[in-house]
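Written out below as structure tokens is the structure these notes cover.
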Amino acid sequence: MSQTDTAETSTNRTDGQQVSTTAGETAEETRPVWTSYEAGGETKLAVRDIDVHYGDDHALKGVSMDIPEQSVTALIGPSGCGKSTFLRCLNRMNDRIRAASVDGAVELDGEDIYQDGVDLVELRKRVGMVFQSPNPFPKSIRENVSYGPRKHGDIETGLLARLTGRAEPQREETLVEQSLERAALWEEVNDRLDDNALGLSGGQQQRLCIARCLAVDPEVILMDEPASALDPIATSKIEDLIKDLAQDYTVVVVTHSMQQAARVSDQTAVFLTGGELVEYDDTEKIFENPESQRVEDYISGKFG
Amino acid sequence: MSQTDTAETSTNRTDGQQVSTTAGETAEETRPVWTSYEAGGETKLAVRDIDVHYGDDHALKGVSMDIPEQSVTALIGPSGCGKSTFLRCLNRMNDRIRAASVDGAVELDGEDIYQDGVDLVELRKRVGMVFQSPNPFPKSIRENVSYGPRKHGDIETGLLARLTGRAEPQREETLVEQSLERAALWEEVNDRLDDNALGLSGGQQQRLCIARCLAVDPEVILMDEPASALDPIATSKIEDLIKDLAQDYTVVVVTHSMQQAARVSDQTAVFLTGGELVEYDDTEKIFENPESQRVEDYISGKFG
Amino acid sequence: MSRATQTALVRDDRTVYEAVAGTAVGLSGVAFAVGLAALLGVIAIDDPVAGFALSVVFGAVLLALGAAVVGFGVASRFGYVDAAPQPSAGIVAAAAFTGIWFAVGATVSGAVGLGTGGRLGVGTVLGGIAFATTALSREDIGATVPGGAVAGLCGLFLVTGVVGPGWERALAGYNATLFGDTVVPVVVLFASLVTGWSAAKAYGGFGARGRNVGAYVLIYLVVCSILTVLVGLVAFVTVNGLTGLFNGFGVGGAGLVSWPFLTNGAGLLADIPGVFPALVGTVWLVIGAVLFAVPTGVGAAVFLSEYAEQGRFTGAVEVATNGLWSTPSIVFGLFGAAFLIPRFGNQKSLIAGMFTLGFMLLPLVLITSREAILAVPDEYRDASAALGVSKWQTIRSVVLPAAIPGVTTGVILGVGRIAGETAPILLTMGGGVLPARSAAPDVLGGFQLSASPPFVSNPALLEATSALPYQLYALITAGLSGNIQNPQEYAWGLALTLLLVVLVFYAIGIATRYYFRQKLHQ
Amino acid sequence: MSLTTRKNDWRASIERRLTRTREFVDDTDPEALVVVLASMGSLLASFVGFLLASPWTAVPLGAFLIVTGYGWARHQALVARAVTFAMTTVTLVTLGLIVVFIFAESIPAFQYEAASVFGVSVPGLGMFTQARWDAVSEPVRYSLLPMIHGTVMVTAIATLVAAPLGVAAALFIAEIAPPQVRELVKPGIEILAGIPSIVYGFIGFTVINPWASGAFALNGGSTYLFVGMVVGLMALPTVVSVAEDALTSVPDVMKNGSLALGATDWQSMTSITLPAAFSGVSAAVLLGVGRAIGETMAATVMLAGIPRISEPLVNVFYGYETLTSLIARGYGSANGVHESALFAAGVVLFVTVLCLSIGSQYIEARMRRRLGGVE
Amino acid sequence: SGTSDNSGGGGDGGDGGDGGSGNEDSSNTIDSGSSGPTTVTAEGSSTVYPISNKGSSYWNSNSPASDGEYWGSNDETSVPGWDQIETDQNIADYFGSLYGFEPTGERSNPPFATRVALSHSGTGCEAVRDGLVDIGNSSGPITAELDISEEERDENYVDHVVGRDGQPVFVSQAIYDAGVEQLTGEQIRGIYQGEITNWSEVGGPDQEIYVVGRAEGSGTDTSFRLNMLGDADAPMDVDTRFGQNQQVQQVLQDNDNAIGYMALAFSGSGIQAIAIDFEGTVFRPDPDAENTIFDSEYPLNRDLHMYTRINEETPEGTDMREAAFLNMFLTDFGQQVFVEDVNYITLPTSDIEAEREKLPDQV
Ligand SMILES: Nc1ncnc2c1ncn2[C@@H]1O[C@H](COP(=O)(O)OP(=O)(O)OP(=O)(O)O)[C@@H](O)[C@H]1O
Ligand SMILES: Nc1ncnc2c1ncn2[C@@H]1O[C@H](COP(=O)(O)OP(=O)(O)OP(=O)(O)O)[C@@H](O)[C@H]1O
Ligand SMILES: [Mg+2]
Ligand SMILES: [Mg+2]
């Protein structure tokens, strides 16, 4: 906490360029001050010195950070800096990329998810993910939402289950409704739950994907640029939803829009090209008065 | 020139949001003041009330603007607003898209390029284009650069030409060197002109594409987000090059980075969603004190 | 949305249970492999193993596996192990076990002499029980007990010798008899599949994970079997054909190597009969087909992907192309016989064969070329157009060069396919069974000009000519007479030659693809 | 009313085409136009000449070569376009010629086997309403039913082999195999496609048939069972490669979506990938069935060659005759109506497989639309 | 000594190859557009093929008389029938010169080339009818193959019989060993018409009979129906049909309950020819027996024909080239080497004389 609000320059930016030059230079000398940043709240995910290589390509370099429970953490940075890669480390989706190799540790509630014998299925139930472009399954809306619970055997719907009376259509109904409500989609689709999900608009599809994720009842929700494919109105709905979700879940969101990060997140991590985590701090601090010159430049639009 | 520098609000932005509210509202009422904006210099391209439809989709709505000679004109706007579409109108690359239909006129040195009987090959020799992602041919660097002139018969290299003594290897050499010099690439590649162009880095490839375009000796160069796929260093090289090119050529550049537009262009046109040209003015004016509230919002990062 | 059961993120280290289940999977695999060997006659079921006949050992193994599998289920059911079974093994497993037990019931009751009605009855009862067990009890019981019981029953038959060496049973009305020699291995294969699957599920702790493991075991087995068959086929032909192929092979002498099998004909006077004329015939056949089909196919692909507007015409061409692709080769043969032969001197001829195969190659070339051309990024075309280069120039200097890798690969693979075709040339090209060296077509030297129409003729093209696949067919049917000392050796040598010719095309095709892919990625 | 509008549409489209042609003619160098017309004309003339089996065909063909060569040097773009167009029509023409010639040759057999329904004589009906084929002794009859039965038997067994194994192998390659293994298995299966069918037939006849004869105490070694299995093995690579294409064309994001929800790989495959690729996979199976139906040589050398229907119908331990083997075996020694009946068998084959091909194309087109999100 | 030559040059010639004689007819100089006499082409029956093909190979080799293996004599062996020839010319030169062709004197370069293609009797007859080949090989009479009358035949074709094929009936070794060494014609008819289906009905083991027939409509099929079943259209009920000899031989070997008929040339191990009792006369497969299957009386024997066409150019039906080639088969040498050595039945001397009468006069 020591580094928060230590900036001596004014919190009112008048001319980004000038301010950053002074603030930045000092920060640049005493570099990784931020690594000791501790966000408020319990640490849900502790990332410890993660390195990711794609073949010979060193995509993430020794990144460590603590992600607090029940808050929104934003990851920003220029294209190709490794934000998505970092996010995928948190639920081991990188395992699916053949070229990728991950070193380091990520602790979920204190348990390292990279140790031997970790059950990926279990992990991903607890750490859900929403992708950049909406990817509903080509099934009905209802089936999309209940997909996870069905696969986990929480809900049974098959012929056999119905024969033996184990099917609980009511429970499924409730779950679907709750999840869709939670994803602010119920109103719009409650009269056509059996329509194909691909018929929804982009924004609705993305919220459906969030609902689908919520139905599994994860603890952490990872979102990779969830609004990048959407129009402004759909985007603002998703943003509201994200803020809302942070009451119950730990949300980590990658975004390419700094404005979006500023609007939705509690703390922000800035990655810069080369796969370094350059600064991690309260969102306000990052946008008003970053420690590092490079972050300052990036935020003021000098590049990217 | 009448509309330039008429803004009464301060040129120093202190807090975008507040300033724009006042300035914008007035501008919004008395709308297309900017349409009469006349940039300095001779008009190279005069766009007259261009409408573009993709099938039923109205992508550009009645856009008119004069693009002055030997200057850099930037086109900015949120994704999908029609910047690329507009750019492609200027050398009729839209003809290559089956769904597209263009109404209106574009005059190149006073001659409408949409009238009957226009020779597209000739037009595109005069109006060159550089694309968003570098797209060199899978040939040697030399062949890439001399591709245009060869195909136009300006340089002959074939077996027949060599047999009949029409081949002018020296002229080809000179042309390749000049074009690469002009594109600030000669230094880096002069020792490996026969290597495959795909072996170059992204930034080098993009400059090669510019060199390839210059070799045809066009009058206008259109660039569609030429640096979006590049890293900051390569980007800044390209930006320098663009400014440089404006000494001899008329450059029109689409960019998604407002900072880039601010850095390289003389005048800027802002398109907003729906395919409207909302404001067109000197770059300084646009970024410091736009007429329109929506442009103000866009530039200050309220959306997009 | 309550977190009902928070299962552990980390599964415990290998438990004894998992180890035993894993062993059972492995044992099932071994049983499967040995059963396959027994089926193929590599070993006999009455071979003694540790003092017992192999079939008895099989039985013991199946009994053990069956018991183990049932044990896994029971252990899990009574909670001795950490597993996550679902409430039911699912409808697919239920249907499968119902079918299996129905068959078991009907067969066994038939064997003890029940009539059709009785057999159906017993089958239905057993099937019903299996269904109830699988579908209505928890997954750990449902997926193990019916399977383990099947395996156990099979094992019991084998151990007690009820079914074993010397067992036989006539299939009434089917004109066939089942013998222990074939039935025992088949039973072992089947039962080991069942136990392997059940044990794999147990290994995975049932539930989603167990199903995953079970399915993977089956799929790996399938793929291994396919590869085994492939390798077995090629190896079999190779082993049988090598002596023939290398008969009289020598290094040195007048030429650098002397390879009589490839350079001799099979005329009476050849000291070592060879396949030269058929080889030359195949080469000319391929050349002719390629000369016709490749320019046509590539040209059509260019037109379709670069010029034609999507419409009824392109649609029709697409349907026609795909239709031709799947048209049976014998139909091409009929077509050649009805259309080409009357137009080329009314007899089977090399040129009729060339065109027939050309017609077959055409859709292959067209489809692959079209794919290759469509795969050329539009950016190249745009870039070229933006430089003010005309369409045809762009196609010639950018599109086609970029498409060449795909086209080449497609052509080579297509050629590999037609080079081995027999049916079309059987009807259109004919040729001798054992052609002498002089029967090899001399196409280049055969052209003759004449003053009367058709002005150009080439008897070599208009004669019936042999080709490798046709010669092999002729050997099978018409057979060898005359001077072939060791007909089987000759025939296998020919088969190997044909296989090698075709596989070389495939190898080159695949290698080309890799080469270009590597080149693209560098 | 709709008729008139359609007529108008039709007229409008003709008019549009005419104007376009006129514009094109106006815009084009007249010499180039003449050259192209001459080239296409002579090509057409040589085709007609060839069709009529005229010895003068060489003349227009030579003219075509000369004119086109000249045009290539002078007006390459236009000539190239015309020539590639001509090449495009070749597939259509080929298909048309196949239809015409095979049907024409089969007419005598269809006439011979005409049967009357309600007093109307239907050519060819007799081939499907009685079961006797005997080309030599009276009454001479050409029923195709025995061969159709054989084809169905072989195809059914082949499909039972090829479809599940093929789909499993496709799943393996597309979803399960680690990259190094895939790089090995994929070409391996392609090579399987390369093994000539006569080599299968040779092995089948010299190894499998004698073995089957002994192992099942058969009266002779020909069985639909083993022919079907061999043919299934031959159809397998087709199923694998088409199904694999379909599976890999399912967007990865869909599968990732499922995995990220904590579904297992197998669940993702069966619930997401396979259903999404269902059309493609069924098209693959259809094409495999087509291959099996059309497979000739293995059946010809392995089967007994007797046009007879096995008893009971599903007795796989008999192996009599398929449509393909009937043709391959009989062509040459047959003549007259007998030969024509072989063409009739070819017609049945051709039509069946063409229907399968069109069916699979339709299914695939639907899949493409569905994945494109239209449906 | 002659029979050892069964496997042709490959057998003994492989090692004894003197001066590349073994390196067979490596000539591709034959008839490549030169203006000399054109190639004699023949096509047709697979039964006649071995004879005509072997003859053609010898012809094309044009071996010198000193060869001693294919032609002429040397110290070790003596070519059969040499005493009637006694020439120092090459083989094709010798037979060619009998009909006025210029000898070339070169190995592998005969005065004109010959080429034999293999198909079916019917095809061969059609080919010679349509003028596609010079000689149509047929194992059945052309009247049956082309369905023409005998007058028509005499008007248009000259029938050269070069040898005789005895179609012995074979059974699997196991059946023979179980005692079925002889069948009556009636029994065979019963078997082939589906009236007798078990070997026990004819004194064999209790096993089903696996009846092997020949391709429907083929020459062999037709002549078997005619000779054995009494009518070319006689109905038949067999278990399998194969087009050509090799496949028949193979299944007879592979099955232990089969019966089939095929050319004598394909007899081999695992199968046995049986004796047949025709109305009291027992024809045995043993050449030393009283009545043998090699006799022309044996009902399953048939003439092997090489038809030539009568047309305007050759009113006699056989031109000099054809005559020169055919004449080679109608010598003791030809009968021995091309007919007997490939396991067919040679013609009696009287028949040879009659056949030679059909050829034009020698010059
Ligand atoms: N599957 C992959 N294989 C190889 N390299 C990859 C892969 N995915 C990403 N990379 C590389 O890793 C680096 C980081 O990529 P990543 O996608 O994490 O960036 P990002 O910050 O998400 O960018 P963006 O904002 O464009 O999504 C990049 O250099 C990229 O090229
Ligand atoms: N080929 C096309 N077919 C149909 N619609 C198109 C096509 N290209 C563009 N559009 C539509 O036209 C509109 C304008 O697109 P355009 O590509 O010009 O936008 P842009 O401003 O360049 O966006 P970006 O910044 O994302 O490149 C969009 O709605 C787009 O969907
Ligand atoms: Mg990303
Ligand atoms: Mg754009």
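A note on names: the letters A, B, ... follow the listed sequences, proteins ahead of strands, and every chain is numbered from 1. Keep in mind it's a predicted model, so treat the numbers as computed, not measured. All heavy atoms count here, side chains included; hydrogens, waters and symmetry mates do not.
Without hydrogens or angle criteria, C/R169 side chain to C/L178 main chain gives no donor-acceptor distance under 3.5 Å. C/N240 contributes no side-chain N or O that, together with a main-chain N or O of C/W492, makes up a donor-acceptor pair within less than 3.5 Å. Between the D/Q267 side chain and the D/M269 main chain, no donor and acceptor come within less than 3.5 Å of each other. Using modelled atom types, no side-chain atom of D/T151 and backbone atom of D/I293 make a donor-acceptor pair closer than 3.5 Å. The backbone N or O of D/T300 lies less than 3.5 Å from a partner atom in the side chain of D/R329, making a donor-acceptor pair. At least one donor-acceptor pair closer than 3.5 Å links the side chain of C/T282 to the backbone N or O of C/L468. Under a 3.5 Å cut-off, the side chain of D/R291 and the backbone N or O of D/T238 do not form any donor-acceptor pair. With hydrogens and angles ignored, the 3.5 Å screen pairs no side-chain donor or acceptor of D/S357 with any backbone N or O of D/V353. Under a 3.5 Å cut-off, the side chain of D/K186 and the backbone N or O of D/V181 do not form any donor-acceptor pair.
Proximity to chain C is limited to the side chain of D/V207, based on heavy atoms less than 4.5 angstrom apart. The part of C/F236 that comes within reach of chain D is its side chain, from C-beta onward, which places non-hydrogen atoms under 4.5 angstrom from that chain. Contacts between C/V237 and chain D at a heavy-atom distance below 4.5 Å involve the side chain alone, from C-beta outward. Proximity to chain C is absent for every atom of D/E295, based on heavy atoms less than 4.5 angstrom apart. Interface remark: C/L230 contributes backbone and side-chain atoms alike to the contact with chain D (heavy atom separation under 4.5 Å). Of the two parts of D/T206, only the side chain, counted from C-beta on, holds a non-hydrogen atom closer than 4.5 Å to a non-hydrogen atom of chain C. Looking at C/V319, both its backbone and its side chain come within 4.5 Å of chain D, counting heavy atoms on both sides. In this structure, chain C has heavy atoms under 4.5 Å from both the backbone and the side chain of D/I98. For C/V298, no part lies under 4.5 angstrom from a heavy atom of chain D. In this structure, the portions of C/I330 lying under 4.5 Å from any heavy atom of chain D include both its backbone and its side chain. Proximity to chain D (any heavy atom under 4.5 Å) is shown, for C/L218, by neither the backbone nor the side chain. Heavy atoms closer than 4.5 Å to chain C are found in the side chain of D/T296, but not in its backbone. Proximity to chain D (any heavy atom under 4.5 Å) is restricted, for C/T182, to the side chain, taken from C-beta onward. Residue C/V231 does not touch chain D at all, counting heavy-atom pairs closer than 4.5 Å. Both the backbone and the side chain of C/Y473 come within contact range of chain D, with heavy atoms under 4.5 Å apart. Within the 4.5 angstrom heavy-atom criterion, atoms from both the backbone and the side chain of D/L192 approach chain C. With a 4.5 angstrom heavy-atom cutoff, C/V317 touches chain D via backbone and side-chain atoms both. C/L340 touches chain D through its side chain: at least one heavy atom from C-beta onward sits under 4.5 Å away, while N, CA, C and O do not. If you measure heavy-atom distances from C/F344 to chain D, the contacts under 4.5 Å come from the side chain alone. Looking at C/N212, the atoms closer than 4.5 Å to chain D (heavy atoms on both sides) sit in the backbone and in the side chain alike. Contacts between D/Y331 and chain C at a heavy-atom distance below 4.5 Å involve the side chain alone, from C-beta outward.
Other residues, nucleotides and ligands contribute more than 12 heavy atoms inside 6.0 Å of the CD atom of D/E183. For D/Y362, the OH atom counts as loosely surrounded, since its 6.0 Å shell holds 12 or fewer non-hydrogen atoms of other residues, nucleotides or ligands.
Note on D/A168, D/G294, D/A217, D/G194: by heavy-atom pairs under 4.5 Å with chain C, the leading option is D/G194. The residue among D/S197, D/P312, D/G346, D/A58 with the most heavy atom pairs within less than 4.5 Å of chain C is D/P312. Comparing D/L323, D/L287, D/V90, D/T91 by how many heavy-atom pairs each has under 4.5 Å with chain C, the most go to D/T91. Of the residues considered (D/W211, D/F317, D/F50, D/F205), D/F50 shows the highest number of contacts with chain C, using heavy-atom pairs under 4.5 Å. The choice from D/A177, D/A77, D/A53 that makes the most heavy-atom pairs within less than 4.5 Å of chain C is D/A77. Most heavy-atom pairs under 4.5 Å with chain C, from the set D/L356, D/L354, D/L165, D/V83: that is D/L165.
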Decide yes or no on side-chain contact (heavy atoms from CB on, under 4.5 Å) for D/L95 and C/L324, but give the supporting numbers first.
CA-CA 7 Å; D/L95 197 72; C/L324 283 182; 3.6 Å; yes
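A salt bridge between D/E190 and C/R417 is absent, with no side-chain N of the basic residue lying under 4.0 Å from a carboxylate O of the acidic one.
With D/W72 as the aromatic partner, D/R81 does not meet the cation-pi criteria of under 6.0 angstrom to the ring centre and within 45 degrees of the ring axis.
Annotation: D/F172 is not in aromatic contact with C/Y216 [ring centroid separation under 6.0 Å not met]. In this structure, C/F355 has its ring center at least 6.0 angstrom away from the ring center of C/F339.
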